[in-house]
Amino acid sequence: MTSPLELQDIAVEIATEAGELARRRRSEGVSIAASKSTIADIVTEADREVEALIRDRLSAARPEDGFLGEESGEAGGTSGITWVVDPIDGTVNYAFGMPSYAVSIAAVEGPVDPGEWRALAAAVHAPALGETFRAAAGEGAWLGGQRLAVTCEAPAGALIGTGLGYDPRTHSGDLETLGRAMPLARDIRRIGAASLDLAFVAAGRLDAYFERGLKPWDIAAGRLLVDEAGGRSGWFAADGFGRHLAVVAGPALYDDLRAAILG
Ligand code: IPD
C-alpha cells in the first residue's frame, strides 16, 4: 500500500508542474472561456488545460485511482483512493492578474464527499506566490522546511477569512453570517481562493476561515493542511441553496466561532 507521504510527493510534483503551466499561460494573457453558474463564476482556457495536464499525470502515476476535478468531473477508480483537484483555485484572481491563486490536489479515501472521506495527502501550490503547502495524514503540514501550526492561543481579535457565494440570491444571508462572526474579529479577509484561505489558517496567517458553498475540490487539500497543523474543522449541513458550511480555526477559537456563525 502506498503511504500518505508517497501520495503527498506525487501531489506536490504534479501541482508544481501544473502551476508552472498556469503561470506561463497567465503571462501570455487570459481568455475567459465561459461563465458557469453566474457571471462571477468563470472558467478560463487555462483552467481546462491545467486540469487536463493533472489528470494525465495522475492517470499515468496512479492508474487505479479515481479522479474528481472541478472542470472535467468524476471518474471512478478501483483502489478506493480518489484525487480531488482544483486546477486553478481563485480563477477570478487569476483572470484579473492577482497573485492569490493556487493548484489544489488532494488524495482522499472512501466516499467522495467532504463530510465522509478521509484525506490522505495534499498539495496547495501558489505559483505566483512561490509557495507550496503540503500535508500527509499523520505527518504534519509543511511549507518548505517549516512545520505549520495554527494559532493556538485565543486571539484578542481574530483575523478571519471568508468568502461570498457567487449566486446573488445568497449574498444577504452570507453578510448576515459575517455580521455574527464580526464580534470575534479584528478584521476580515476575502482572499478569493479557498485553498489559500485554508493554507493560511494552517500557517497561522489567518486565525480562522469560514465559507458556505465550497465544493469538494475547494476544500479537500486545504482542510487536511489545517487538520495536520493542529486546527479543527467542520463541514455542516446544507442551507436552502444546498450549500454546506465549512468552518476551520485553531482549537481556542473554533467552538466560539462555530457557535457565532450557526447562531
Ligand atoms: C472559488 C474560490 C473562492 C471561493 C469560491 C470558490 P474557483 O474557487 O475558492 O475563494 O469563494 O467558493 O468556488 O472557482 O476559483 O476555483
Side-chain angles (χ1 to χ4, degrees), residues 15 18-19 21-23 25-26 30-52 54-55 68-73 83-106 114 122-129 133 160-171 173-175 177-178 181 188-202 205-206 208-223 225-226 233 235-236 238-239 241-248 261:
L21 175 60
R23 198 144 84 129
R25 288 288 174 264
R26 182 72 195 68
V30 168
S31 63
I32 294 175
S35 287
K36 298 194 280 186
S37 57
T38 69
I39 193 175
D41 190 7
I42 55 172
V43 59
T44 68
E45 292 299 347
D47 288 80
R48 292 174 176 163
E49 201 183 334
V50 173
E51 183 160 314
I54 297 170
R55 201 170 176 142
L68 173 66
E70 174 168 22
E71 312 306 341
S72 62
W83 293 88
V84 184
V85 170
D86 193 338
I88 300 178
D89 181 37
T91 304
V92 175
N93 287 342
Y94 182 77
F96 279 75
M98 303 263 283
S100 299
Y101 66 89
V103 178
S104 173
I105 300 181
V124 173
H125 173 60
L129 302 178
F133 300 85
I160 302 180
T162 191
L164 290 175
Y166 289 150
D167 180 345
R169 293 171 306 161
T170 63
H171 288 165
D174 286 352
L175 290 172
T177 306
L178 179 58
I188 297 293
R189 292 289 177 272
R190 198 288 191 253
I191 287 166
S195 60
L196 287 176
D197 286 292
L198 291 156
F200 290 174
V201 172
R205 296 176 186 173
L206 289 174
Y209 163 69
F210 66 91
E211 183 165 348
R212 261 188 211 288
L214 295 181
K215 299 292 191 302
W217 44 82
D218 296 315
I219 193 167
R223 187 179 183 187
L225 292 170
V226 172
S233 63
W235 179 254
F236 298 99
D239 65 6
F241 296 96
R243 302 180 313 148
H244 291 270
L245 169 71
V247 181
V248 306
I261 291 172

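Counting starts at 1 for both ligands and their atoms, following the listed order. Scope of the values below: all heavy atoms of this structure, side chains included, with no hydrogens, waters or symmetry mates.
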Pairwise side-chain contact, Tyr101 with Val92, heavy-atom cut-off 4.5 Å (strictly under): no
With heavy atoms of [X] as the reference, note each atom of ligand 1 found under 4.0 Å away.
X: Glu70; answer: 14 (O), 16 (O)
X: Gly90; answer: 7 (P), 15 (O), 16 (O)
X: Glu211; answer: 4 (C), 5 (C), 11 (O), 12 (O)
X: Asp86; answer: 16 (O)
X: Ala194; answer: 2 (C), 9 (O), 10 (O)
X: Asp89; answer: 1 (C), 2 (C), 7 (P), 8 (O), 9 (O), 15 (O), 16 (O)

Residues Ser72 and Arg55: side-chain donor-acceptor under 3.5 angstrom: yes
Check: Thr177/Asp174 side-chain N/O donor and acceptor closer than 3.5 Å: no
For ligand 1, is any non-hydrogen atom under 4.0 Å from [X]'s backbone (N, CA, C, O), its side chain (CB onward), both, or neither?
X: Leu214; result: side chain
X: Asp197; result: neither
X: Tyr166; result: side chain

Residues in side-chain contact (heavy atoms from CB on, under 4.5 Å) contact with Ala193, at least two apart in sequence or another chain: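 Ala193: side-chain contact (heavy atoms from CB on, under 4.5 Å) contacts with Asp89, Leu196.
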From CA spacing to verdict: side-chain contact (heavy atoms from CB on, under 4.5 Å), Glu71, Trp217: CA-CA 10 Å; Glu71 312 306 341; Trp217 44 82; over 6 Å; no
Minimum non-hydrogen distance to atom 10 (O) of ligand 1, winning option of Gly192, Gly163, Ser100: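 Nearest option to atom 10 (O) of ligand 1, by heavy atoms: Gly192.
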Asp86 side chain to Ala221 backbone, donor-acceptor under 3.5 Å: no
Minimum heavy-atom distance Leu206-Ile160, with the two atoms named: CD2-C, 4.4 Å
Parallel, tilted or perpendicular: rings of Trp235 and His244 (30°, 60°): parallel
Arg190 near ligand 1 by a heavy-atom separation under 4.0 Å: yes
